[in-house]
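Have a look at the structure below before the remarks.
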There are 2 protein chains.
Amino acid sequence: MDQELIKKIPHKTIQRLSQYRRALLLCFEQGKTHIFSHEIANIQHITAVQVRRDLMLIGYSGNLRKGYNIKDLIDLIGEIIDSPNGQKVAIFGMGNFGRAIAKYFTGRRSKLTIVAGFDVSPEKVGKQVAGVPCYSVEEAQQIILEEGIRIGIITVPGDQAVETARMMVEAGVKGILNFSPTPVEVPENVFLEEYDMVTSLEKVAFYVKEH
Amino acid sequence: MDQELIKKIPHKTIQRLSQYRRALLLCFEQGKTHIFSHEIANIQHITAVQVRRDLMLIGYSGNLRKGYNIKDLIDLIGEIIDSPNGQKVAIFGMGNFGRAIAKYFTGRRSKLTIVAGFDVSPEKVGKQVAGVPCYSVEEAQQIILEEGIRIGIITVPGDQAVETARMMVEAGVKGILNFSPTPVEVPENVFLEEYDMVTSLEKVAFYVKEH
DNA sequence: CATAATTTGTTATTTTATTAACAGGGCAAA
DNA sequence: TTTGCCCTGTTAATAAAATAACAAATTATG
């Protein structure tokens, strides 16, 4: 697909494409070959129009009677959101959260690979933690450079997030996913995504409370 | 604040209010008493106008010269998003992810309390895990009813998410935060929020990759 | 006292995202 | 064959969200 067009895809569509792919992979494993827009929509709790619109944006055409070819669509989404040679990811903070992420990705056939974990705790450093080699924070700069890691996940406690992010950027990380409760600052050329689970939980709590 | 007005606050504003509060709490602990809209905005990577707009919606007025009173604003946000008597939360799946959430909330002064964890693993059942009493899944229905739990967090593996959600709804849970990679179905009267960290990571990867 | 500098609160405008509407196509069944 | 149904793809309309613009207020300062 044309690289110029890819840049014009909205953030939200990128997110949904990632979600579509997950659903499609599941269907593919179950032996399905084709799927309708409204089937995808039901899985993701959105409308069929939204799905068709997103697929239109990426220039994929389905079959009028059979719907979309699952395998083809998976491949096309991969062409758009994946890097051809894969991307290396590091986790900063191998506590419960960091390990959960590491475990989740190990063994998964994906273009994203967790190649390193960093932690301050001496009993983790030098060992494999959840299938990922764990290094001390002091080694981070070197490892990031050596491995060519461009993506980092922050799962350190909130009070260490800012310093961790600063160090990551200095070491050359270009994209940060911050799961700590503390927002961090990055230069303009670094992509930052922050997610705070407390906010999500408070949102649920709000819509559940008896007004 | 008027309960009718509260219902009209958009989802996104609710989320931001939660984030504002977190930032405000941090400033409050540091001894600050007042804050300007652009200060809040900088922390959250949004614009000052957005902040003022949100605060307008909840009817809070700041001081022209000093900005917003941090304590008052924290209290007002609490009045809107918190339940007066607090809300009980259960975690389904006490793996790394579940424990991370449990740990995060224990000891925190909040209107949301994790009162139970559920797991299939016998070595966890009957013990405290990350400060939370852990029960077997079979006991879930009873515990949820007894404790009056209305909010549940799903941190089980993807292949168990659907069944877990079904059981939660049956037991009377009214709000679900699903962290598993598998989307679930809930009846209309149950609020569902789904978050998939892979999607977030793929989004970061997309914007970092060299097009 | 008047002026400049800030900041809030609110209305207007723009942009973005979602939903609706519908033309066109292909298959199935009458 | 032809009618009807159910898809896709696309344009049009609507809704939601974010941004811009600016009046009003307050304090500091010359």
- [ ] Measure up the F179(A) and Y195(B) rings against each other and bin them: parallel (under 30°), tilted (30 to 60°), perpendicular (over 60°).
- [x] perpendicular
- [ ] Tell me whether the OP1 or OP2 atom of dT7(C) has a side-chain N or O from S37(B) closer than 4.0 Å.
- [x] no
Task: Between dG24(C) (P) and L64(A) (CG): distance, integer Å - done: 13 Å
TODO: Indicate for each nucleotide in nucleotides 10-19 of chain C, in 5' to 3' sequence, whether protein heavy atoms under 4.0 Å reach the base (B), only the sugar-phosphate (S), or nothing (-).
DONE: BBB----SBB
- [ ] Determine yes or no for a side-chain-to-main-chain donor-acceptor pair under 3.5 angstrom, with K88(A) supplying the side chain and E147(A) the backbone.
- [x] yes
TODO: Compare every heavy atom of A130(B) with every heavy atom of R99(B), then report the nearest pair and how far apart it is.
DONE: O-CB, 3.8 Å
- [ ] Would you check if the distance from the ring center of F36(A) to the ring center of Y68(A) is below 6.0 Å?
- [x] no
TODO: Show the numbers, then the answer: is there a salt bridge (charged side-chain N to carboxylate O under 4.0 Å, His left out) between E202(B) and K209(B)?
DONE: CA-CA 10 Å; E202(B) 287 187 341; K209(B) 83 165 174 172; over 6 Å; no
- [ ] Heavy atoms of chain B, cut-off under 4.0 Å: which first and last nucleotide of DNA chain D, 5' to 3', fall inside that, if you could look?
- [x] dA17(D) to dT27(D)
Task: Non-hydrogen atoms of I81(A) and F206(B) that approach each other most closely - done: CA-CD1, 3.7 Å
Task: Atom-pair distance (NE2 on H38(B); P on dT8(C)), nearest Å - done: 7 Å
Task: D54(B) CG - dT8(C) P separation (whole Å) - done: 14 Å
